S.K.: 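Submitted below is the structure of interest, expressed as structure tokens.
Letters A, B, ... mirror the listed sequences (proteins, then strands); counts begin at 1. Remember, it's a predicted structure, so these values are computed and weren't measured experimentally. Worth knowing before you read on, the calculation uses all heavy atoms, side chains too, and leaves out hydrogens, waters and symmetry mates.
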Number of protein chains: 2
Amino acid sequence: MRTGRRPAKRDGTTRDELTFARPLVTVDVVIFTLRDGRLEVLLVRRGGEPFTGCWALPGGYIHPTEDADLDAAARRILFEKTGVESPYLEQLQGFGNAVRDPRGWTATFVYFALIASDALALKRGANADEIAWWGVSEQGMVEPQLAFDHTVILRRAVARLRAKVEYTSLPVHLLPAKFTLPDLQKVYEQILGHLIDKSAFRKRMAEADFVEPLPGERRPASNRPAQLYRVKPGLSTVFFDRTI
Amino acid sequence: MRTGRRPAKRDGTTRDELTFARPLVTVDVVIFTLRDGRLEVLLVRRGGEPFTGCWALPGGYIHPTEDADLDAAARRILFEKTGVESPYLEQLQGFGNAVRDPRGWTATFVYFALIASDALALKRGANADEIAWWGVSEQGMVEPQLAFDHTVILRRAVARLRAKVEYTSLPVHLLPAKFTLPDLQKVYEQILGHLIDKSAFRKRMAEADFVEPLPGERRPASNRPAQLYRVKPGLSTVFFDRTI
DNA sequence: TTAATAGTGTCTCTAAGACACTATGAA
DNA sequence: TTCATAGTGTCTTAGAGACACTATTAA
């Protein structure tokens, strides 16, 4: 577990590793939602140094007394910003090097989260500009310049999302609890960036077997109404046998 | 980037977060090799507290002055133990919570590595028992009890390896530079735990197009000799269209 | 010639993809 | 009846999987 090369204390750690040379470690969360059929990411404007005034991914330090584990820290950060209690949350990747923060060697555990845009209340600070949703391009680009290495991180998160959408049920987490199959198909198409054959799509969903119709409930319109579905209780992410 | 709730200093950090409550962070590496057709993992016996005398995954602290980034830290740790310069190295996952280390809140960036068992020299310490290869079961179990949460970590690493073997060229990294297609097929079969049709396997390898024959070179035996191949220069991991 | 393994060819049958068709509501 | 979208059926064709066949060496 350790490789200290200087005189070791009783527990095997060296003084300078514990006291001086310890990198700063944070948890950052890439929070996605879908609004008006567009993929958006939550950004916050930084108050303190460094990168003052820059937009950045929400993140923060681990609170050892509050956070049971890394997931809990990510969930706390997300809840503090969005008020969402049970998002889809998945660890993305760690990023750490000597140059991403001008203050020195830092590392971050990055999570990515999917939430439905309904029942969502952004927690703004004194300044209404402090937190906002920003549209994300298919390549993971966003309008403002981001602090730290957050441009790279966001690009990775979008790449992961797009990759997993090909073969998982992830997109349901971007929809409200009740949705129709055409709704779901539109989300897949939006994130993948291309149209999907209706018949093929429904076959996949039937095989994957993670949604169930809500008996009787249909979404009315001036045309044939669509069956409402929900995710089968107790199911988390489902992996498909084949790509969509 | 931060969410301090106590009086913030000029840079936005609070005193106790920086000085007291910072979790210890390490980098651990799950190093796999194939010896006598068996998947093995490198373990080291711990000297210091806690878990004295227990076997554990090789790991250590980040050395901010030596390690440019997380990958470099993992590569250094691996090189110190095995002498291998350019392993296949991939970040697995972060693990962090309040209970995995009795000393308090700790987190680790875990990597997994694949190396060929030829041209490999274990760096032993004074005690010859300090470092050793241990066979890994298909479920990722190993004979000795492991320190910290390393049992969980190892299981995850084996799961990731087995999953990726289904659709990537990863297993070549477990073979020496020159190998035959039957060699490669045996590695796939060994890790996946089932036999593969020879014809289907060779079709996949041809499609994936990541190996090239070494003209003329063949491995002789008292039967038809097999063509020797190598990985195409400049190629890293290749993902297959379909599963094996 | 035989034993043993390397390497290729072929056949069948499933299922992916394309697309046409039917169903059901409001206006 | 028409329009619009929901939902199902069918046909064609590529390719996965199974398996048989040929090739090449040493003994």
S.K.: From CZ of A:Arg202 over to P of D:dG9, roughly how many Å is that when rounded to an integer?
M.R.: 12 Å
S.K.: B:Arg218 near the nucleic acid: base, sugar-phosphate alone, or nothing, with a heavy-atom cut-off under 4.0 Å?
M.R.: sugar-phosphate
S.K.: Between P on C:dA26 and CZ on A:Arg219, what's the gap in Å once rounded to a whole number?
M.R.: 16 Å
S.K.: Just the atom pairs and distances: protein N or O near nucleotides 3-5 of chain C's N or O, under 3.5 Å.
M.R.:
residue	atom	partner	partner atom	Å
C:dT5	O4'	B:Asn223	ND2	3.2

S.K.: Rounding to an integer number of Å, can you tell me how far B:Tyr229 OH sits from C:dG7 C1'?
M.R.: 9 Å
S.K.: Answer yes when A:Arg76 and A:Glu80 have at least one side-chain N-carboxylate O distance shorter than 4.0 Å, and no when they do not.
M.R.: yes
S.K.: Please work out which of the three classes, parallel, tilted or perpendicular, describes the rings of B:Phe239 and B:Tyr167, given edges at 30° and 60°.
M.R.: tilted
S.K.: Distance check needed: D:dT8 P versus A:Met205 CE, whole Å only.
M.R.: 14 Å
S.K.: Can you tabulate the close N/O pairs, meaning under 3.5 Å, that link protein atoms to atoms of nucleotides 11-18 of chain C?
M.R.:
none

S.K.: Taking B:Glu189 first and then B:Lys186, would you say they form a salt bridge - that is, a charged N and a carboxylate O separated by under 4.0 Å?
M.R.: no
S.K.: Angle between ring planes, B:Phe32 versus B:Phe112, binned at 30° and 60°: parallel, tilted or perpendicular?
M.R.: perpendicular
S.K.: Is any side-chain heavy atom of B:Ile196 less than 4.5 Å from a side-chain heavy atom of B:Arg204?
M.R.: no
S.K.: For a side chain to side chain donor-acceptor pair (under 3.5 Å) check, start with the C-alpha distance between B:Tyr229 and B:Gln227, then their side-chain angles and the critical distance, and finish with the verdict.
M.R.: CA-CA 6 Å; B:Tyr229 287 82; B:Gln227 179 67 52; 5.9 Å; no
S.K.: Give the rounded distance in Å between these two atoms: CG of B:Asp183 and C1' of C:dG7.
M.R.: 15 Å
S.K.: How close do A:Ala208 and A:Val238 get, counting heavy atoms only, and between which atoms?
M.R.: O-CG1, 3.8 Å
S.K.: C:dT24 P sits how many Å from A:Gln227 CD, rounded?
M.R.: 13 Å
S.K.: Find the distance A:Lys198:NZ to D:dT10:P and express it as a whole number of Å.
M.R.: 16 Å
S.K.: Are A:Asp209 and A:Lys232 ion-paired here, with the side-chain N under 4.0 Å from a carboxylate O?
M.R.: yes
S.K.: Measure CG/B:Leu195 against C1'/D:dA18 and give the value in whole Å, please.
M.R.: 14 Å
S.K.: Give me the ring orientation class for A:Tyr188 and A:Phe201: parallel if the planes are under 30° apart, tilted from 30 to 60°, perpendicular past 60°.
M.R.: perpendicular
